[in-house]
Amino acid sequence: MIEIEVDPVAACHPTAAPGYGKRSAPSQSPRTQSDFSHLPEREAYLAAYIDRLPDGAAIDTKTLAREQPRYGQQAVRSALRKLADLGHLLRIRERAGEGLTRWVSRTYFSRTPRPVAWWSRFLADRRTSGSADPAPAPPERSIAYRALASLGAADKRMMLSARECEELEPLAAAWFARNVTVGQFRYAMTNGLPTTIQCAGAFTRKRLIDRIPPEPAPMAECRDCRTSHSGRCSSQEPDRVPTTRTTYWAGRARTLVRETRERIR
């Protein structure tokens, strides 16, 4: 029996646009550790991963390849075809609503493998009863939230739930306020991880606090225009450079000492 350990990364996974994404088939058996033991390792892993995702999650090939760490696009595409052949997945295209010409893709997932006849009856019943489009996609998340949610793609030991991402978002935002890039943030959070992480949320919180980079050094204040900037002020003479007040007076003192010495000579 293949044992698949899939962290409940569910809520950190991207949500699909309205009308797309995962839809759970009805009347499924309760979840067990051996649900996908009859599948090859690759298909078992991806099936367990998809099974943990909420309805509305994006389960297209590109998203799945990006969000889980083990398989690329070609492998994911082949695995999804295999899952469809074995009755775990059904993809159809249909109109978005009565009288509309927009077409959308519906993707249904079943933990319990279903024969073709079962899927046919399900679709017939669904068309008879009608169905509503899913709620609109949630608003765009901040760069801090998205960076936290992406940690699981870099290393599955750092998979965070949506609630953990929201709770840690202010701490992560402080990093990006200090001009840290997403790549630098991800490296700082995932570099040198211990073999086992019992609680990814608590571990991430500690790293966010302990490893936060220093604030950027203050930029020099121009003595002519009294503004802070890193370049040459347009109001300055070519041989002048921006300087802090302390540096300015220190320079003046050195100049006076030098001039005094020259007079003595």
Among pairs that include at least one residue of residues 195-209, which meet side chain to side chain donor-acceptor pair (under 3.5 Å), considering only residues two or more places apart or in two chains?
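Only Lys206-Asp210 qualify under side chain to side chain donor-acceptor pair (under 3.5 Å).
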Counting distance only, does the side-chain N/O of His13 pair as donor-acceptor with the main-chain N or O of Ala58 below 3.5 Å?
yes
Considering only residues two or more places apart or on different chains, which pairs with a residue in residues 169-186 satisfy salt bridge (charged side-chain N to carboxylate O under 4.0 Å, His left out)?
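Every pair satisfying salt bridge (charged side-chain N to carboxylate O under 4.0 Å, His left out) with a residue in residues 169-186: Arg178-Glu215.
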With sequence neighbours left out, which residue pairs that include part of residues 75-84 fulfil the salt bridge (charged side-chain N to carboxylate O under 4.0 Å, His left out) condition?
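The answer is none; no pair qualifies.
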Do Thr63 and Arg66 pass the side chain to side chain contact (heavy atoms under 4.5 Å, CB included) test, and can you show the C-alpha distance, the side-chain angles, and the key distance before you say yes or no?
CA-CA 5 Å; Thr63 302; Arg66 183 179 67 247; 3.9 Å; yes
Heavy-atom closest contact ([X] atom, [Y] atom, distance):
| X | Y | value |
| --- | --- | --- |
| Pro69 | Tyr45 | CD-OH, 3.5 Å |
| Gly56 | Thr15 | O-CG2, 3.4 Å |
| Asp35 | Pro30 | OD1-O, 4.0 Å |
| Ala65 | Gly72 | CB-C, 3.7 Å |
| Leu208 | Ala172 | CD2-CA, 4.1 Å |

Please report the interatomic distance [atom1]([X]) to [atom2]([Y]), rounded to the nearest 0.5 Å.
| X | Y | atom1 | atom2 | answer |
| --- | --- | --- | --- | --- |
| Ile92 | Arg23 | CD1 | CZ | 8.5 Å |
| Phe36 | Glu41 | CZ | CD | 15.0 Å |
| Asn179 | Gln184 | CG | CD | 9.5 Å |
| Tyr108 | Asp55 | OH | CG | 10.0 Å |
| Leu148 | Ser142 | CG | OG | 8.0 Å |
| Asp155 | Ser150 | CG | OG | 12.0 Å |

Would a 4.5 Å heavy-atom cut-off, applied to side chains only, mark [X] and [Y] as touching?
| X | Y | answer |
| --- | --- | --- |
| Leu86 | Pro113 | no |
| Ile143 | Arg146 | yes |
| Leu39 | Leu83 | yes |
| Lys22 | Thr107 | no |
| Leu90 | Arg106 | no |
| Tyr187 | Thr181 | no |
| Trp175 | Met189 | yes |
| Ile50 | Leu64 | yes |

Only one of Arg157, Met159, Met158 clears side-chain contact (heavy atoms from CB on, under 4.5 Å) with Leu151; which?
Met158
How would you list, by chain and number, every residue that makes a side-chain contact (heavy atoms from CB on, under 4.5 Å) with [X], sequence neighbours excluded?
| X | answer |
| --- | --- |
| Arg42 | Leu46, Tyr71, Ala75, Ser78, Ala79 |
| Pro26 | Trp118, Phe122 |
| Gln28 | Ser24, Ala25, Ser110, Arg111, Thr112, Arg114 |

hydrophobic_cluster_shared for Val116 and Phe109, side chain cutoff 4.5 Å:
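Unlinked, Phe109 and Val116 end up in two clusters.
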SB check Lys62 Asp60 (cutoff 4.0 Å)
no
